[in-house]
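In what follows, a single structure is set out as structure tokens and then discussed.
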Amino acid sequence: MATHIAVLDETVINRIAAGEVVERPVSVVKELVENAIDAEATSVELDIENGGKKLIRIRDNGTGMSHDDAFLALERHATSKLRSEKDLVGVPTLGFRGEALASIASVSKLRLMTYDGIEDSGAVIVVEGGVLRKSERTGMARGTVVEVANLFYNVPVRRKFLKGPNVEAGHIQEMVTRFALAHPTVGILYREDGRIRLDAPAVRTTLERVHTLYSRDVRENLMQVDRTLDNVRVHGFVARPPYARSNMRSVLTFVNGRSVRDRLINAAVSKAFANLIERGRYPLAMLFLELPPDQVDVNVHPQKAEVRFVSSQLVFNLIVDGVYEALTGAPFTPPPGPKERILPKPPTTPVLQHVKDEREPEQFVPMEPAGEQASSPMALPLRPTPAPVSMQEPEGWFSALGIVGSLPGSFVILHSDDELVIMDHHAAHERVLFEELKAVENPGPGFECQDLLIPRVVEYPPVEARALAQHLELLERVGFRIEEFGQNDFVVKGVPSWIGDTDLERFFGSLIEVMLDTGLRGDPRRFREELLKSMACHAAVKGSKTLQPQEVRALLRDLDRLGAVEVCPHGRPFIIRMPFAEISKKMGRR
Ligand code: ADP
Ligand code: MG
């Protein structure tokens, strides 16, 4: 009888395993850098070409391997890091499964060169698609070089799923950044197509490493986290809330030196920031968790990015407390429950019922500071100015509102015939700018570029700098002149007038986040829109500025002119309407 079941040959098994270990170029980089660090390298040099699809080469000065070990290393489940099952508890090394090299070799053309400094010579082994092609001796310095060429050349389905070189390189750069943070004492040099993208010399502390990796602006706003409870320690840095980002990728976490992406940790960080940043924004954080090896299982996922904690509640609370304390200097108190809010009516379609035949002179009601608060800086009531509105201009709902005055913060008090209207002028201005930016096909007034007297240099870490470099054209379209200048720097030579006195470094920083977050998902329309939103948000009049009455007038007119809806581009309402009738009722009047 014919048999249907056969033991798969080694090459096929390796290729199947490769599916689990190697998903894309960044997975190869991760495995190879881990191997270098496990081999006690103090210097790691990484080169990639065409997003790692053509070539990934990594050179380390670690222990190297003997000839025999070099051959063994390319076999599946060959590892020098684990001998028996009991070693599985608390593996001190980054790798331990002994399948990375074999898997990678089965789906690429791999060349391993290694020398342990003991034998007469080094070894060179060439494997193609899991098949040994060549082995010879070579002279080289102690250490290892692994070259992975044409990844997935023999697995076309996989290759097809790879993204463009920029996307793949972006993943790799993020991974390299994580390694750089986790291993400050290892010097890391990373080049893409011959161009240096990250150059982090060996230093002693994480803080020194942070200095190499992040811009001054971020560095100066980092708060130190350090808290220990029952053998578990969390330490690292979080950026103050204004430096929040638009995606969770900014939360870099490490467990016992291993870079992880863990839901529990992320949830804890989010909770600590819950009442400090808006929903949908994420903190910038680098957090290191140290705990006894038997308290954590790193063996959950083949790519070892997820972990499981024995005392997950303790870890969770520790992180929440540690981060919150760093931010506020106080232990965590849960955010207050949702407050009762007065929601605006459903979006107003142009409501013309308020149009008046004749504009009434603005009536300004001086607002009495309430009792004790008299000393607080209450904005002065606005003074009347005749509104220079041409009578032909169709009046909309907004323009017809009367101005009562302004409150400290970002609020302007307005009224219609039958409603009290509170407007957040920052959010409203944001909406106006957004509509204008969206409408810009041929840039009009306010969008032409004005040269800066003194060009301004802005600096970003490598991943960010790359994103910005790729989108300079859009910025030019809305009135900027900005050029690449050195490795991670840009020089801003001109700005449009709509930008006002916005801090440029922060402004571009927020755009970069959007680029990193949305750009990768590749929907160009959404991408553009997100960018414009972010521009509008940063260029909108600061909430703290008290608007002059004519400025309020102009804003109201703009809102009508652009047919703006009652929410800012992020979807928050910018006006609250309280019918007088409702106020009367609340006051017990009939
Ligand atoms: P693992 O890291 O899980 O042990 P790998 O397939 O990644 O499995 O590597 C197999 C073995 O090859 C390692 O256990 C180690 O002994 C050796 N090795 C791999 N890379 C290096 C390197 N860069 N320097 C020294 N030894 C290495
Ligand atoms: Mg390994």
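Values reported hereafter were calculated over all heavy atoms of this structure, with side chains retained and with hydrogens, waters and symmetry mates removed. None of these values were measured; they are calculated from a predicted model. When a ligand or atom number is given, it counts from 1 through the structure's own listing order.
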Do any N or O atoms from the side chain of His67 and from the backbone of Ser121 form a donor-acceptor pair under 3.5 angstrom? yes
Would Glu31 count as being in polar contact with ligand 1, using the rule that some N or O on each side must be under 3.5 angstrom apart? no
A student comparing Ser103, Ala73, Ala70, Ser66 should find that the heavy atom closest to atom 12 (O) of ligand 1 comes from Ala73
Checking the N or O distance criterion of under 3.5 Å, is ligand 1 in contact with Leu101? yes
Shortest non-hydrogen separation from Leu318 to Thr228 and the atoms involved: CD1-C, 4.0 Å
Is the closest side-chain donor-acceptor distance between Asp262 and Thr253 under 3.5 Å? no
Record the part of Asp60 in heavy-atom contact with ligand 1 below 4.0 Å; permitted values are side chain, backbone, both and neither. side chain
Please determine whether side-chain hydrogen bond (donor to acceptor under 3.5 Å, both in side chains) holds for the pair Glu208 and Thr205, giving the CA-CA distance in whole Å, both sets of side-chain angles, and the decisive distance to 0.1 Å. CA-CA 5 Å; Glu208 288 169 272; Thr205 63; 2.9 Å; yes
Between ligand 1 and Ala100, is the shortest N or O to N or O distance under 3.5 Å? yes
Do His235 and Arg227 have a side chain donor and acceptor closer than 3.5 Å? no
